[in-house]
Q: 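Can you keep this structure in mind? I'll have questions shortly.
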There are 2 protein chains.
Amino acid sequence: MLSKKTKYGIKALTYIARKDEKLPVQASEISESENISQKFLESIMLELRKSGFLGSKKGKGGGYYLIKKPSEIKMTAVIRVLEGPIAMVPCVSLNYYEKCDDCPDEDACSVHKLMIQVRDASLNVLGENTLADIAFR
Amino acid sequence: MLSKKTKYGIKALTYIARKDEKLPVQASEISESENISQKFLESIMLELRKSGFLGSKKGKGGGYYLIKKPSEIKMTAVIRVLEGPIAMVPCVSLNYYEKCDDCPDEDACSVHKLMIQVRDASLNVLGENTLADIAFR
DNA sequence: CTTAAAACCTAGTAAACCGATAGGATTATA
DNA sequence: TATAATCCTATCGGTTTACTAGGTTTTAAG
C-alpha cells in the first residue's frame with residue numbers, strides 16, 4: 001500500500017506542475033485545494049525540497065517551485081524518496097538490497113523469483129512515467 | 001512491502017508443491033526447513049486452508065496438502081488472500097475498491113492514473129504465474 | 001520599523017499494524 | 001491410552017503511520 005505521505009507528495013508535485021505560472025506555490029494553497037492536512041504537508045514539502053525536487057522561498061509571497069521540468073522528473077525517483085524501495089521484498093531491491101535471514105539460497109526461493117518479475121514490471125511503469133505524463137496527459 | 005505472512009505462506013505452498021508425495025506435510029516440518037516460527041506458520045496454514053488452497057488432516061500423521069494442482073493456483077489469488085489488495089491505492093483496486101475521501105475527481109488525479117498502470121503491470125505478472133511456475137521453473 | 005505571511009524545525013502522540021508467543025482444545029492414529 | 005498433529009483465542013511488544021503542537025526564522029509589504 002502506498003502511504004499517504006507518498007500520495008500527498010505526488011499530488012503536491014502535480015499541483016505545482018499544473019500551475020504554469022512561475023510564482024512559488026504556498027503549501028497552504030495546496031493543502032486547501034487538495035484536502036491535505038497542512039502541517040503534514042509542510043513536512044512532506046520539506047522532504048521534497050531536501051531531496052532536490054523542489055526549491056523554496058521563505059517569507060511573504062514565498063512558497064515552493066519545481067527545480068526541474070516535469071518531463072525530467074521520473075516517478076521512480078519520487079517514489080524512492082517518499083516511499084522507499086519499489087521492490088516488495090528487500091532481497092530483490094536494486095537500491096535497498098538486503099538479504100533475507102531465513103532463505104539460504106535466493107535462486108531456489110520461489111518468492112524471490114516471483115518478486116523479481118513484479119519489481120521489473122513496476123520499475124518499467126514508474127520509469128516510463130514522468131511528472132509531466134501524469135500531470136498533463 | 002510484502003508482509004512476512006504472505007512470504008511465509010508462499011514459501012509453505014511451494015514446499016508442499018515440491019514434495020511430490022501424496023502424504024500430508026506437517027507445519028512443523030515446513031517451519032524447520034524454511035526457518036519460520038512454528039506458531040506463526042500454523043496460523044498462516046489455517047488461513048490457507050480456510051480460503052480453499054489447502055486441505056488438512058488432523059492427528060498423528062496428519063498435515064496439509066494442496067487441494068488443487070500447482071499449475072491451477074494463480075499467484076494473484078494467493079496474494080489477495082494473504083496480503084489483501086494488489087493495488088497500491090484502494091481507489092484503483094479491483095477487488096477491494098474504496099473511494100479516497102480527499103480527491104473529488106478520480107479521473108483528474110495523477111496518483112490514480114499512475115497507480116492504475118502499476119496495478120495492471122503487477123496483475124499481469126501475478127496472473128501469469130502459477131504456483132507451478134515459481135516452484136518448478 | 002512593524003507586522004504579517006511564509007517556510008523551517010523538533011517533538012510528541014494516538015491508533016493501527018505486524019510478527020510472534022502462550023496456552024491450550026480438539027481430533028486422529030497407533 | 002499416549003502421542004502427534006491441527007485448530008482456536010488471546011495477548012503483547014515493537015514499529016510505523018498520520019498527524020498535531022508549538023514554536024523559530026526569514027522575507028515582503030505597509
Q: I want to confirm an ordering. Mapping A:S3 and B:A27 to their closest nucleotides on DNA chain D, which one lands closer to the 5' end?
A: B:A27
Q: Taking only residues at least two apart or on different chains, which pairs with a member in residues 28-49 of chain B satisfy ring pair (Phe, Tyr, Trp, His ring centres under 6.0 Å)?
A: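 Qualifying pairs: B:Y8-B:F40.
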Q: Please determine whether the number of non-hydrogen atoms from other residues, nucleotides or ligands lying under 6.0 Å from atom NZ of A:K113 exceeds 12.
A: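 Atom NZ in A:K113 is packed in, count exceeds 12.
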Q: Please determine whether a side-chain nitrogen or oxygen atom of A:Y8 lies at a distance below 4.0 Å from atom OP1 or OP2 of D:dA18.
A: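 No, outside the criterion.
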Q: Mind checking salt bridge (charged side-chain N to carboxylate O under 4.0 Å, His left out) for B:D102 and listing every partner two or more places apart, or none if nothing turns up?
A: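 For B:D102 the salt bridge (charged side-chain N to carboxylate O under 4.0 Å, His left out) partners, ignoring immediate neighbours, are A:K7, A:K11.
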Q: Could you work out, with salt bridge (charged side-chain N to carboxylate O under 4.0 Å, His left out) as the rule, every residue matching B:K50, not counting sequence neighbours?
A: none
Q: What integer distance in Å separates A:Q26:CD from D:dT27:P?
A: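 Rounding to the nearest Å, CD of A:Q26 and P of D:dT27 are 16 Å apart.
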Q: Nearest-Å distance, NZ (A:K60) to C1' (D:dT26)?
A: 13 Å
Q: How would you list, by chain and number, every residue that makes a side-chain hydrogen bond (donor to acceptor under 3.5 Å, both in side chains) with B:S3, sequence neighbours excluded?
A: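 By the side-chain hydrogen bond (donor to acceptor under 3.5 Å, both in side chains) rule, B:S3 matches B:T6, B:E83.
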Q: Between atom OH in B:Y65 and atom P in D:dT6, what is the gap in whole Å?
A: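 After rounding, the reported distance stands at 12 Å.
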Q: What are the 5'-most and 3'-most nucleotides of DNA chain C lying under 4.0 Å from any heavy atom of chain B?
A: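 The protein-touched segment is C:dG19 to C:dT29.
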Q: Holding to salt bridge (charged side-chain N to carboxylate O under 4.0 Å, His left out), I want the full list of residues that pass it with A:K57, two or more places apart in sequence or in another chain.
A: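 Counting only residues at least two positions away or on another chain, A:K57 forms no salt bridge (charged side-chain N to carboxylate O under 4.0 Å, His left out).
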Q: Specify the separation, in whole Å, of atom NZ of A:K5 and atom P of D:dT20.
A: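 After rounding, the gap between these two atoms is 17 Å.
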Q: On DNA chain D, does the nearest nucleotide to A:G59 precede the nearest nucleotide to B:G62 from the 5' side, or the other way round? Give the residue.
A: B:G62
Q: Testing the basics here: between A:C91 and A:Y97, what is the closest heavy-atom pair and its distance to 0.1 Å?
A: O-CE1, 3.4 Å
Q: Can you measure A:Q38 atom CD to D:dT20 atom P for me and round it to whole angstrom units?
A: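 Nearest whole value for this atom pair: 11 Å.
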Q: Can you list, in residue-number order, the parts of residues 39-51 of chain A that come under 4.0 Å of DNA chain D, counting heavy atoms only?
A: A:K39, A:F40
Q: Using salt bridge (charged side-chain N to carboxylate O under 4.0 Å, His left out) as the criterion, list what pairs up with A:E47, not counting sequence neighbours.
A: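 A:E47: salt bridge (charged side-chain N to carboxylate O under 4.0 Å, His left out) contacts with A:K5.
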Q: Taking only residues at least two apart or on different chains, which pairs with a member in residues 108-136 of chain A satisfy ring pair (Phe, Tyr, Trp, His ring centres under 6.0 Å)?
A: none
Q: Strictly below 4.0 Å, heavy-atom distances to any atom of DNA chain D: list the hits from residues 80-96 of chain A, or just say none.
A: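 None - not one residue of the stretch has a heavy atom sitting under 4.0 Å from the strand.
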Q: Between B:K58 (NZ) and D:dC8 (P), how many Å, whole number?
A: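 For the pair B:K58 NZ and D:dC8 P, the rounded distance is 7 Å.
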Q: Keeping to residues at least two apart or across chains, list the ring pair (Phe, Tyr, Trp, His ring centres under 6.0 Å) pairs with something in residues 67-88 of chain B.
A: none
Q: Tell me, please, which residues at least two apart from A:K69 pass side-chain contact (heavy atoms from CB on, under 4.5 Å).
A: A:S71, A:E72
Q: Given atom CG of A:L2 and atom P of D:dT16, what is their separation to the nearest angstrom?
A: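 Nearest whole value for this atom pair: 17 Å.
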